[in-house]
Amino acid sequence: MDDDPEYCKGLMAAGPGSKDIFVQLVISFALGISAFVAFCILRPRWKTLYAARRRHSDPQIALPALPDSFLGWIPALYRVTEEQVLASAGLDAFVFLSFFKMSLRLFATMFFFAVVVLWPIHRTFDAGDTKTPGKAPLHSSLSSFGDVLVDSEPKDERWSYLWAYLVFTWFFSFLTIYFMNSETIKVIKIRQDYLGTQSTITDRTFRLTGIPQDIRSEDKIKEFVENLEIGHVRSVTLCRNWAEVDGLMAQRLVILRKLEEAWSAYLAQQPAGASRTDGQLREEADDVAQDNQNGDEESQENGRLLGDGLRNITERQRPKVRLRFGFLRLHNRKIDALNYYEEKLRRLDEKIRDARVKEYAPTDTAFVTMDSIAACQMAIQATVDPRPGQLLSKPAPAPSDVIWKNTYASRYKRRIQSWAVTIFITLLSMIWFFPVIGLAALLSICTIKRLAPSFGDALEEHEITRAFVQTGLPTLVVSLLNVLVPYLYDYLSNIQGMMSQGDVELSAISKNFFFIFFNIFVVYAVSGSAALADFWTIIRDGLSDTQTIARKIAGSIQNLNNFYLNFIMLQGFGLFPFKLLQFGSISLYAIYRMGAKTPRDFAELVQPSLFNYGFYLPTALLIFILCLVYSILPGAQIVLLLGLCYFGLGYFVYKYQLLYSMDQPQHATGGAWPIICGRIIVGLVSFQVIMIAFLVLQTAFEKAACIAPLLVLTFWYYFYFRRRYTPLTKFIALRSINRASDPGVEGNPSRDLNQAQQQTRLTRRMSTIDEDREKGMRFVNPNLVVPLEQPWVYQDPPPLLYESSIHFDSGSIRGNYDSPASGGRNNGNGFGSVSSSFSLGDTHVWRDNGDDNA
């Protein structure tokens, strides 16, 4: 509109001012300090929440206990070594934390040069600012670039500092590549040593896909692999169409929970004149269950439902369930809920037992376990069959990581699912910028004045309130989108048909990064956070005049400097302490606690929260790119300082969560590192393109042309990296395999076995977390062998009833555990028991004996 003030025209319409940085800093510190103080107070009181993972870990893992003092846990956490991180959290956590440590070293170096060299240059040659050089306040450099647009004919004396931009673009690019290359070599070395000195079933197993029809049997696959003369086959698991048994087990879980709810409602009543306590009732129920375990199979089926032993213990009003039947289910009647669900469970158990011994149609996928790690790696890294798409060997995920329902889905179905989800996510990510830009424009002071003039005038009169509306709200909205949208992308990744949870996790990282990079960086950079109509105008003008798009990108990047500063401050100072506090878990606990009815529901509350790399890593990568992009422009020292604070706080917060309070069931063996390096390359290219646009805007064409070869070198390095380093992040090199720990090889004849074992003990004095987690596991669908659970009625979980082994063509397979005595939680399958407790303060759900939770 023509009557709009000047600051409401062009790219500055929605850009926050330098005054807003102080407001955002105060808000971020207020949020962060309050959450941090609350965490330090609650941490020693709620150990089952803030030390949940250590309580569930193997006691042999040498993870030190943190002191209960207010700040004493910080130096103790700092002293936890990388070896302890590897031993207690695994390779994925080590790689994740290595990225933060590398970022700290890189940006500390950049910050030194930004303060010593670039800041004096910006103060001396103040990019067109009319103020006397050296007397401008610190934050003036953040907004001084807007004055450059007035003069497109720079004078040589005043604009000679642009050579520094060219030099530091090359220098910072090579510095980034150097740090990334050094950290990659370190990660590869530790990964190879870590995987080479352990012995798990995953390391000796490969996944064979594209199996022809004529060899789809365990014996033929075993004969085929052994004919390759790479080693002996220990076992073969041919995936079959287990949809029937998987569906029955899913139905059984639903009925089991309904039966437990009915028992909880029944036992919650207080009968008048009851002569026995619940403890006595439980003892009688346990005696009945024990007698049934010693009886025949028929008595087990009846006793495990707790029907015979509990029906007539005392007089209580039994719960009812309403059944609908007849035409259009118009008729209904109420029947006894306990008898109904017990009978349904008994019938389902019979169907499951029959389904487990059926012969199912084989698929084109099998898991082949070799007698040695070296034989497995040779099979994985070799081309097995000359026909395209036939007999492809790939690394196998961990047994607990396999998504078994996708193993018997056809290859074409999985491919269609993958492409459909990919296309949908791409379109969705492009559509997101409509609400992002529209909301950013709606929250600008200019748009508010057009929609509500009186409210806009009031905001202009109160500078602090205006700064909060113009800066705090857009940053908060973007941060909320950054928190909520990954849940949608995580769900879409889970329905994409991938074979393992590790692959799903890596896919979620890529998808979420694409969302935040495209919507929070690219769209904002092109549009300058202007209105949506301006976005299309910028695109249309850019197609007709390349200098227009360069001017818009360079100008909007600098105008958004304050917005991104506020974003980094909120993410670092404001939200990291809330992640440490696990504010979401605490808030949801009250809701879940009110909805919990059965002992199983209460036991699920005790589980540590899951650490999802796809939720946290993309934001860190975006902030890495933002620090890189602004590392030379005016105000670089502030951006890099905030980046240092972000990665320093993030390292401590995530280190605490990964080691003490959160679980990470995925098993990707450090597979996120190639993704991290690929996104760093994307950041380097963005940094170089923006610097070219900046120099083109100043008509410094010769300097911009000198950056073009750097782009070519960066692309070359990307392909060089993929060819030279990426294979070592996926496979185990044969020379890295420690023969002394390889169960399929008796030793190297040219090497003393005792000396080799001694060196192995010096390298790794305890079993790895993968060895502990996979001890006794086998590659078999858990629904074929998992014990059918009894209803969990009382506080203690019921004993598991182990049935006869399931026999396949390749021999007897016990399941995921070697013996019935092996306890613990069944990973990720929903079957198992938990005996630990969860507490918020002094109110326990269930308390372990001897647990000090003060």
Any donor-acceptor pair under 3.5 Å from [X] side chain to [Y] backbone:
X    : Y    : result
Y194 : K189 : no
K579 : Y616 : no
Y613 : A93  : yes
S98  : F94  : yes
W46  : T48  : no

Exercise. What's the verdict on side chain to side chain contact (heavy atoms under 4.5 Å, CB included) for Y794 and L267, showing C-alpha distance, side-chain angles and the deciding distance?
Worked result: CA-CA 9 Å; Y794 296 103; L267 296 177; 3.7 Å; yes

Exercise. When F39 is tested against each of F652, W73, F576 for ring-ring contact (aromatic ring centres under 6.0 Å, His included), which residue passes?
Worked result: W73

Exercise. Can S500 and D503 be counted as having a side-chain donor-acceptor contact under 3.5 angstrom?
Worked result: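 Distance-only check passes for S500 and D503.
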
Problem set entry | Donor-acceptor pair between T619 and Q571 side chains, under 3.5 angstrom | no

Exercise. S609 and S585: side chain to side chain donor-acceptor pair (under 3.5 Å), yes or no, with the steps?
Worked result: CA-CA 8 Å; S609 302; S585 298; 3.0 Å; yes

Problem set entry | Pair F96-F100, ring pair (Phe, Tyr, Trp, His ring centres under 6.0 Å): steps then yes or no | CA-CA 7 Å; F96 182 76; F100 280 79; 5.2 Å; yes

Problem set entry | salt_bridge(K186, E82) N-O dist < 4.0 Å | yes

Exercise. Does K597 pair with E604 as a salt bridge, N-O distance under 4.0 Å?
Worked result: no

Could you check, using the six-membered ring where one of them is a Trp, whether [X] and [Y] have ring centers closer than 6.0 angstrom?
X    : Y    : answer
F514 : Y489 : no
F611 : Y654 : yes
F107 : F111 : no
F624 : F99  : yes

Problem set entry | Candidates T729, L506, I680, L617 - the one meeting side chain to side chain contact (heavy atoms under 4.5 Å, CB included) with I675 |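 Output: one option passes, namely L506.
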
Exercise. In this structure, are over 12 heavy atoms from other groups packed under 6.0 Å from Y592 atom OH?
Worked result: no

Exercise. Would one find more than 12 heavy atoms of other residues, nucleotides or ligands at under 6.0 Å from atom CZ of F179?
Worked result: yes

Exercise. Hey, mind stepping through W792 and T598 against side chain to side chain donor-acceptor pair (under 3.5 Å) and telling me if it holds?
Worked result: CA-CA 8 Å; W792 193 342; T598 67; over 6 Å; no

Problem set entry | From CA spacing to verdict: side chain to side chain contact (heavy atoms under 4.5 Å, CB included), S736, L195 | CA-CA 8 Å; S736 298; L195 297 179; over 6 Å; no

For this session: Quick one: do L588 and I591 satisfy side chain to side chain contact (heavy atoms under 4.5 Å, CB included)? Show the steps, please.
Result: CA-CA 5 Å; L588 293 176; I591 300 175; 4.3 Å; yes

